[in-house]
Amino acid sequence: MSQYHTPVLLEESVDLLAVDPAGTYVDLTFGGGGHSRRILEKLGPGGRLYAFDQDRDTRANCPDDGRFHYVESNFRFLRGALRLREVEQVDGILADLGVSSHHFDAVERGFSFRGEAPLDMRMNQRGALTAARVVNGYPADALTRLLGEWGELETPWKIANCIVRAREAAPIETTAQLVEAVKPCTPKKDESKFLTKLFQALRIEVNGEMEALKMALEQSLKVLRPGGRLVVISYHSLEDRLVKNFLRSGNFSGSVEKDFFGRALTPFEIITRKAVVPTAEELERNPRSRSAKLRAAAKRENE
């Protein structure tokens, strides 16, 4: 499975789950199955693992194991999908939010600006919205908003205007055509960083990633049993901010409510005071792990 995706922070994340051999666990981002396989190694005969993935390609990575249950679904439907399988509560949830190496390496999927491919970027290939539809169909103000919010690009209006001007001449249908369209506003010094942020913004929009993450985090609180653990690996500041705020306060603003006596009313007990990051050895072995941040918390007993 390593050709599909090298799991990031594998030992650290699974250790933080504190797997009970008889417990029920969820891997929200199955992908190449690296994290799932390690969880299965720690489970006993009575344990169960439910692994979510909306990309049908990942089904080929499923282990032949009676304790393993593959759920072909976006993790935004976490609670409903578990209920369908008669699971009300689980002992731990793991999410590795990164795009798998497979998606970047499968050039034809259009996730990377290296090489030429149709502007697609759909994780779920049955979805209707593609990056080409966003680039060619969104008005300039909507493009400006998503480039600023999802890409955290410094001059989103300039980039949006570049795209609008280029598409007026001809539709932008491939990754290379998009790179060409934004050339007038691409900084010479940080070209790679700029294009990474541009492609990130489009990918987040196409897949509704931030909304899906919010929904999954909120539902995790409902399906985790008291004492159950939530372990999340994020790869950019937008995701990490949401995760950090939610674990800290149970909401996305990060504001902690207090009771009459001034005690914090928080649903989680933080396990990782600071985000766990890859070791120097892991960075050398897998450079794509460089932006990973791992956070973990346990649901409070009184929740």
Side-chain angles (χ1 to χ4, degrees), residues 5 8 28-29 31 54-55 74-76 95-125 127 129-138 142-160 162-163 172 174-183 185-187 189-214 216 232-244 252 275 277-278 286-294:
H5 181 65
V8 173
L28 284 179
T29 46
Q54 62 185 333
D55 186 347
N74 188 302
F75 59 48
R76 69 171 70 215
D96 176 4
L97 301 174
V99 180
S100 74
S101 302
H102 166 75
H103 287 122
F104 285 128
D105 295 339
V107 175
E108 70 279 2
R109 299 285 292 268
F111 285 95
S112 174
F113 54 85
R114 303 182 200 286
E116 180 149 21
L119 266 178
D120 191 328
M121 300 196 198
R122 290 172 299 169
M123 298 281 194
N124 177 355
Q125 296 198 281
L129 187 65
T130 63
R133 287 184 69 174
V134 173
V135 164
N136 293 292
Y138 277 28
L143 283 173
T144 300
R145 177 192 58 75
L146 78 91
L147 293 170
E149 282 185 28
W150 304 149
E152 298 183 295
L153 287 152
E154 283 174 20
T155 53
W157 64 93
K158 279 189 188 172
I159 305 157
C162 271
I163 290 170
I172 302 167
T174 69
T175 52
Q177 286 169 354
L178 176 59
V179 170
E180 190 59 36
V182 298
K183 260 222 165 90
C185 42
T186 303
K189 195 160 70 87
D190 287 323
E191 182 182 7
S192 181
K193 192 175 179 184
F194 170 85
L195 291 172
T196 298
K197 287 182 167 187
L198 170 65
F199 274 62
Q200 171 186 296
L202 291 170
R203 192 198 77 227
I204 289 173
E205 180 71 14
V206 166
N207 296 291
E209 289 178 30
M210 302 311 288
E211 192 56 39
L213 176 57
K214 284 182 177 179
V232 186
I233 305 167
S234 59
Y235 292 83
H236 54 76
S237 57
L238 296 170
E239 288 174 342
D240 186 52
R241 201 175 305 133
L242 277 185
V243 172
K244 185 180 179 181
F252 299 114
V277 296
N286 180 16
R288 281 177 174 164
S289 69
R290 67 186 175 278
S291 54
K293 285 186 175 177
L294 166 62

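Side chains included, hydrogens not; waters and symmetry mates left out as well; all remaining heavy atoms used.
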Item to check | Asn136 vs Leu119, side chain to side chain contact (heavy atoms under 4.5 Å, CB included): CA-CA, chis, key distance, verdict | outcome: CA-CA 10 Å; Asn136 293 292; Leu119 266 178; 5.5 Å; no
Item to check | Nearest-0.5 Å distance, CG of residue Leu195 to CG of residue Asp190 | outcome: 10.5 Å
Checklist entry - Rounded to the nearest 0.5 Å, how far does NZ of Lys158 lie from CG of Leu147? => result 14.0 Å
Checklist entry - Passes side chain to side chain contact (heavy atoms under 4.5 Å, CB included), His236 versus Ile204? Steps please. => result CA-CA 11 Å; His236 54 76; Ile204 289 173; 3.7 Å; yes
Next on the checklist: Please identify which of these residues, Lys214, Arg203, Arg76, meets the salt bridge (Lys or Arg N to Asp or Glu O under 4.0 Å) condition with Glu209.
Outcome noted: Arg203
Item to check | Counterpart residues, ring-ring contact (aromatic ring centres under 6.0 Å, His included), relative to Phe252 (two or more places apart) | outcome: Phe246
Checklist entry - Rounded to the nearest 0.5 Å, how far apart are CD1 of Ile159 and NZ of Lys197? => result 9.5 Å
Checklist entry - Leu198 versus Thr186: any side-chain heavy-atom pair under 4.5 Å? => result no
Item to check | Separation between CG of Leu97 and CG of Leu28, rounded to the nearest 0.5 Å | outcome: 8.5 Å
Checklist entry - Under the 3.5 angstrom rule, does the side chain of Gln54 hit a backbone N or O of Phe75 as a donor-acceptor pair? => result no
Checklist entry - Counting only N and O atoms by type, is there a donor-acceptor contact under 3.5 Å from the side chain of Thr174 to the main-chain atoms of Gln177? => result yes
Next on the checklist: Any side-chain to backbone donor/acceptor pair from Asp120 onto Thr130? Under 3.5 Å, distance only.
Outcome noted: no
Item to check | Step-by-step side chain to side chain contact (heavy atoms under 4.5 Å, CB included) determination, Tyr138 to Thr144 | outcome: CA-CA 10 Å; Tyr138 277 28; Thr144 300; over 6 Å; no
Next on the checklist: Please evaluate residues Ile233 and Lys293 with respect to the criterion side chain to side chain contact (heavy atoms under 4.5 Å, CB included), reporting the C-alpha separation (whole Å), side-chain torsions for both, the decisive distance (0.1 Å), and the verdict.
Outcome noted: CA-CA 5 Å; Ile233 305 167; Lys293 285 186 175 177; over 6 Å; no
Checklist entry - Taking all non-hydrogen atoms of both residues, which atom of Gln200 and which atom of Gly151 are closest, and how far apart? => result NE2-CA, 4.3 Å
Checklist entry - Where is the tightest heavy-atom contact between Thr175 and Glu116, given as atom of each residue plus distance? => result OG1-CA, 3.4 Å
Checklist entry - Does Arg241 reach the main-chain N or O of Leu238 with its side chain, forming a donor-acceptor pair under 3.5 Å? => result no
Checklist entry - Does atom CD of Glu152 have more than 12 heavy-atom neighbours, drawn from other residues, nucleotides or ligands, at distances under 6.0 Å? => result yes
Next on the checklist: If you compare all heavy atoms of Cys162 against all heavy atoms of Ala181, which two are closest, and at what distance to 0.1 Å?
Outcome noted: CB-O, 3.7 Å
Checklist outcome for this item: Scanning both residues in full, the closest heavy-atom pair of Met121 with Leu202 reads SD-CB, 3.9 Å
Checklist entry - What distance do Thr29 atom OG1 and Asp55 atom CG have between them, rounded to the nearest 0.5 Å? => result 12.5 Å
Checklist entry - What closest approach, in Å, do Gly148 and Pro156 show between heavy atoms, and which atom pair accounts for it? => result N-CB, 3.6 Å
Next on the checklist: Between Ser291 (side chain only) and Tyr235 (backbone N and O only), is there a donor and an acceptor less than 3.5 Å apart?
Outcome noted: yes
Item to check | From Glu205 atom CD to Leu129 atom CG, the distance as rounded to the nearest 0.5 Å | outcome: 6.5 Å
